[in-house]
Amino acid sequence: MTARPRAARGITREAEGPRPFRVEPGRIGLYLFLAVAAAFFILPLYVMLATSFKSLDEVRLAQIFALPHTLDISAWIAAWTSDCEPGQCFGISAGFWNSVKITVPSTAISVLLGAFVGYILSFWRPKGADTLFAIIVLAGFIPLQVFVYPVVRAFAWLNLYGTLSGIVLVHVIFSLPLTVLLFRNYYAAIPHDLFQAARIDGAGFLRIFWSLMLPMTGPMLVVAGILQFTGIWNDFLLGLVFAGRENLPMTVQLNNTVNVTFGEVRYNVNMAATLLTAAVPLAAYFVSGRWFVRGITAGAVKG
Amino acid sequence: MDPILDIRNASIAYGQTVVVPELDLSVAPGEFIVLLGPSGCGKSTLLSAIAGLTDLAGGQIWIRGQNVTWAEPKDRGIGMVFQSYALYPRMTVEQNLSFGLKVGGTDKATIRRKVAETAGILQLEPLLKRRPADLSGGQRQRVAIGRALVRDVDVFLFDEPLSNLDAKLRGELRIEIKRLHEELQRTMVYVTHDQVEAMTLADRIVVMKDGHIQQVGTPAEVYGSPANLFVAGFVGSPPMNLLAGQLSGGELALGDGTRVTMTGYPLPEGAAGAAILGLRPEQLFPLEGALPEGACRLDARIDMAEELGPSTVLWCDIAGTRCCYSVPGRGAQAHGAELPLFFYPGAASLFDAQTGQRL
Ligand SMILES: Nc1ncnc2c1ncn2[C@@H]1O[C@H](COP(=O)(O)OP(=O)(O)O)[C@@H](O)[C@H]1O
Ligand SMILES: [Mg+2]
């Protein structure tokens, strides 16, 4: 006689149709943890939002969790426009446009260049390609600060220091390890046959990249684009060092706004300025979140 | 006639590993050549060297009387069909077909005409606006063939084009490729490890092993007179029966003492020593009555029968070796039954046991 299988949960004669819902302790614990974690991130955001809509009088009440009595947007206006006090302007709108001027070209160039280098490393495999790739990726692990002084000297010598092209170039250079890594691995998953078929069809180096590979790169372009965009937008150090007085990005100006050393601390304006600065990368995630997830999880080619 | 494709003393290596050493092969215009061999024997490597996708380590490749050894793939007058189809996923079927022409700078009207022509030949018209992802495997492969066809090349290269398809489609597309060859009379070099494809498609089969050519011949030659034991074992299903024995004075003594006289077999002068007798399953036949003239007799004990429908394969023991023979229709024999089997030595194969070469 064969041994009867030990009675396991869920094995009954009556079982039929969908499994009945059962509340398990593990589940409850999990949801509890998720709720706490969510609150941890949402509470500061709530406080900031609430404070930014309060008048300065209301802020002085120090009830930070209270909702504002009225929606007062004067703090937002003050944060955005050049709100000048004797000797200093704190508005961050100028910084916003500087950030746009820095981030858009830096993102576009670094993503396209990363795709191009990744394409070369994956498909044309020049001699030493693997070594070069290893060096590029390893360079990405070296702390940025190490490079600041030498690059400053080099840029000063090239008359690029403190210019818009200078800061864009710096961002492109420091982005390459990440973008090359992303695109090389993305292209490595594309069958080599495809590349060879294009060569037999007579397509050359640039043609294969432009007509064949780049159109297949959509998901990774989105992922790399968002990573680069938010990374460059949020940058503080490089902007402070390389952008020059005329081109200071929003993050640097936010710091100037928040860290006033005289007068009363205007919490509502600070909160509004901070939210304004964070709004752009946040919007980027919201708008492209779906593609972002798809790009991270998708395989390279279908069919 | 001058060969359209001439491979002269070509060797191909990946780094230090020589995959194809010193190979010579000439292909006549319009010929359908099949490179047949087990996986990993270097068929694809040879094909991609012909295409110009892999560099030669030595030797030359000539196409249509021109030395193309150093030429770019596009300048060789070849088209290639890959096992993975390798269709451009972001392009429609029409764009896939026209890509090569567009890159080559052909004018729009000509492109349109050629694409329409090719689509007509391969019945692709209803699919022209679709993407590869929306096609079935067989349709994809037809598009891949079309992409080579549309470019008016001298030599078509196929790398296992049917092995990703299910058995039924494979059979259909095989016939379609054969029909295409008969219609176009274009030179085709076709790589496969499937002997049925090789036998049915080829004008000549090139059997390869470890980068070496084992035999070049028509399907009938390769099947009927294999050049060595490898070809004998690789081509044919069920495989050729191989019986070891000692050859002396035109007579072969098998392991169990049976003696067969190889009358009618073109034995070389003074051949003697350990030899192997090769018999195709259908070369062995049972017979009632008198011994036919020139036939030899072997004693078999039946082991089991496989009914295939149109024929039956009977597995048996002959001189201590497991053998099989086939009879048309249903011809099951009782397990353990003993009966005589006959064959004509003139049609059999005989190999040197040491070298494995045909005697
Ligand atoms: N890119 C490569 N690098 C190194 N070795 C390879 C490469 N491609 C194939 N090989 C080796 O070359 C041999 C022949 O491969 P291939 O031509 O693909 O065989 P087949 O097509 O007959 O199955 C195999 O042993 C394989 O491992
Ligand atoms: Mg292969």
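Naming convention: chains lettered A, B, ... in sequence-line order (proteins, then strands); numbering from 1 in each chain. The structure presented is a predicted model; accordingly, all values stated were derived computationally and were not measured.
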Considering residues, nucleotides and ligands other than A/W210, do more than 12 of their heavy atoms fall under 6.0 Å from its CH2?
-> no
Who in residues 51-61 of chain B is close to chain A, using a strict under-4.5 Å heavy-atom cut-off?
-> B/A51, B/G52, B/L53
When you check the side-chain N and O atoms of A/D201 and B/Y88, is any donor under 3.5 Å from an acceptor?
-> yes
Could you tell me which residues in residues 147-155 of chain B have at least one non-hydrogen atom under 4.5 Å from a non-hydrogen atom of chain A, sorted by residue number?
-> B/R147, B/R151
A/L194 and B/Y85, any side-chain heavy atoms less than 4.5 Å apart = no
Crowded around A/I42 CD1? As in, over 12 foreign heavy atoms under 6.0 Å?
-> no
Residue-level contacts of residues 65-78 of chain B with chain A, using a heavy-atom cutoff under 4.5 Å = B/E72, B/P73, B/K74, B/I78
Roughly how far, to the nearest 0.5 Å, is the CZ atom of B/R90 from the OG atom of A/S211?
-> 13.5 Å
Rounded to the nearest 0.5 angstrom, the CD-OG distance for A/Q196 and B/S84 is 9.5 Å
Over 12 foreign heavy atoms within 6.0 Å of CZ, A/R207 = yes
With a 4.5 Å heavy-atom cut-off (strictly below), which parts of residues 99-119 of chain B touch chain A? List them by number.
-> B/F99, B/G100, B/K102, B/V103
Could you tell me whether B/H193 atom NE2 has more than 12 heavy atoms of other residues or ligands within 6.0 Å of it?
-> no
Looking only at non-hydrogen atoms, find the nearest pair between A/A197 and B/A86 and report the distance.
-> CB-O, 3.9 Å
